[in-house]
Engineer: 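A single structure is presented below for examination.
Quantities reported herein were computed from a predicted structural model and do not represent experimental measurements. Nothing fancy with the numbering, it's 1 onward along the sequence. First listed ligand is number 1; within each ligand, the first listed atom is number 1.
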Amino acid sequence: MSSFYSLDELKTLGFKSIGNNVLLSKKASFYSPETISFGDNVRVDDFCVLSGEITTGNYVHISAYVACYAKAGLRIGNFCGISPRSSIYTVSDDFSGEYMISPMVPDNLTKLRQGRVVLENYTQLGANSIVMPGVKLKEGAVSGAFSLVLKDLDEWTINFGIPCKFYQHRKKDIIKLSEKIL
Ligand SMILES: CC(=O)SCCNC(=O)CCNC(=O)[C@H](O)C(C)(C)COP(=O)(O)OP(=O)(O)OC[C@H]1O[C@@H](n2cnc3c(N)ncnc32)[C@H](O)[C@@H]1OP(=O)(O)O
């Protein structure tokens, strides 16, 4: 028995839209599927949590244990990947002590920082990356393993660290390689 939903099963899950060859693990959790759209050739592995407004392009891989908390919106482009145990936050609480932190207390006692996260084409998050609200990985940008991505990452760059910073420029050979499969 496959660990991915069959085409018939996918149609019953209520996604906003779903492309061809979409492989979604039965062990992943999809909250608010009506706000989630998948392009073609997308795979989501075991133990992922996808919630909120999420749109993916084509050829996207979301690896095991990835969490996307996308209340404020997450757009993933073409040929993008999210390596295991990474987390994307589009909403984060105020930790200053001026406000409470919990979804279980009244909203007027909390303060949320929100911002759409965008992973442009050819971007990749290394394993255990954490992306905070409002961040954009510009085309071809990658983060290394265990990166804390607080600010936008520039086009075609390799970045890592806490906080995540520029390390070196990235080659663009993958553009030509990807054209071979289109
Ligand atoms: C899709 C999948 O493959 S899922 C499997 C998980 N794989 C990943 O997450 C891959 C992520 N890749 C990385 O983190 C890589 O280390 C990269 C891309 C950031 C850098 O790779 P390279 O250019 O080969 O770097 P290299 O190993 O030569 O290290 C260069 C320096 O950066 C440091 N460094 C490398 N990666 C990191 C990192 N993620 N965090 C902190 N420091 C790092 C190294 O210690 C080294 O420092 P030094 O010069 O003081 O010795």
Engineer: Please determine whether a side-chain nitrogen of the Lys or Arg among E98 and K111 lies less than 4.0 Å from a carboxylate oxygen of the Asp or Glu.
Structural biologist: no

Engineer: Do S86 and S83 pair up side chain to side chain, a donor and an acceptor below 3.5 Å, judged on atom types alone?
Structural biologist: no

Engineer: Tell me the protein heavy atom at minimum distance from atom 10 (C) of ligand 1, and give that distance in Å.
Structural biologist: G126 CA, 4.8 Å

Engineer: I'd like to know if Q124 contacts ligand 1, where contact means a heavy-atom distance under 4.0 Å to any ligand atom.
Structural biologist: yes

Engineer: Measuring to protein heavy atoms, does anything land under 4.0 Å from atom 7 (N) of ligand 1?
Structural biologist: no

Engineer: Verify the distance criterion only: is there a donor paired with an acceptor across the side chains of S143 and S129 at less than 3.5 Å?
Structural biologist: yes

Engineer: Which residue, K176, R170, K172, forms the side-chain contact (heavy atoms from CB on, under 4.5 Å) with I174?
Structural biologist: R170

Engineer: Indicate whether atom 27 (O) of ligand 1 is within a distance of less than 4.0 angstrom of some protein heavy atom.
Structural biologist: no

Engineer: I'd like to check atom 21 (O) of ligand 1 in this structure: does the protein have a heavy atom lying under 4.0 Å from it?
Structural biologist: no

Engineer: For atom 48 (P) of ligand 1, is the nearest protein heavy atom closer than 4.0 Å?
Structural biologist: no

Engineer: How close does the nearest protein non-hydrogen atom get to atom 5 (C) of ligand 1, and which residue and atom is it?
Structural biologist: P84 CD, 4.7 Å

Engineer: For S129, state whether at least one heavy atom is located under 4.0 Å from any atom of ligand 1.
Structural biologist: no

Engineer: Give the atoms of ligand 1, by number and element, whose distance to some non-hydrogen atom of S83 is under 4.0 Å.
Structural biologist: 1 (C), 2 (C), 4 (S)

Engineer: To which of A64, A127, S147, S143 does the heavy atom nearest atom 9 (O) of ligand 1 belong?
Structural biologist: A127

Engineer: What I want to check is whether the side chains of S178 and Y122 have a donor and an acceptor closer together than 3.5 Å.
Structural biologist: yes

Engineer: Could you check atom 15 (C) of ligand 1 against the protein and tell me its nearest heavy-atom contact, residue, atom and distance included?
Structural biologist: G144 CA, 4.9 Å

Engineer: Can you find a protein heavy atom closer to atom 44 (C) of ligand 1 than 4.0 Å?
Structural biologist: no

Engineer: Will you find, in the side chains of D94 and S96, an N or O donor that is under 3.5 Å from an N or O acceptor?
Structural biologist: yes

Engineer: What residue and heavy atom of the protein are closest to atom 30 (C) of ligand 1, and at what distance?
Structural biologist: Y167 OH, 3.3 Å

Engineer: Among N58, V42, D40, find the residue that satisfies the side-chain contact (heavy atoms from CB on, under 4.5 Å) test when tested with N20.
Structural biologist: D40

Engineer: Would you mind checking which non-hydrogen protein atom is closest to atom 39 (N) of ligand 1, with the distance to 0.1 Å?
Structural biologist: A145 O, 2.8 Å

Engineer: I want to know if ligand 1 touches F160 in the polar sense, i.e. an N/O pair below 3.5 angstrom.
Structural biologist: no

Engineer: Indicate whether any N or O donor in one side chain lies under 3.5 Å from an N or O acceptor in the other, for N21 and N41.
Structural biologist: yes

Engineer: Give the residue and atom name of whichever protein heavy atom lies nearest to atom 18 (C) of ligand 1, and the separation in Å to one decimal.
Structural biologist: I158 CG2, 4.0 Å

Engineer: Kindly state whether the ring of F30 and the ring of F15 have centres lying under 6.0 angstrom apart.
Structural biologist: yes

Engineer: Determine whether more than 12 heavy atoms belonging to other residues, nucleotides or ligands lie under 6.0 Å from atom OH of Y31.
Structural biologist: no

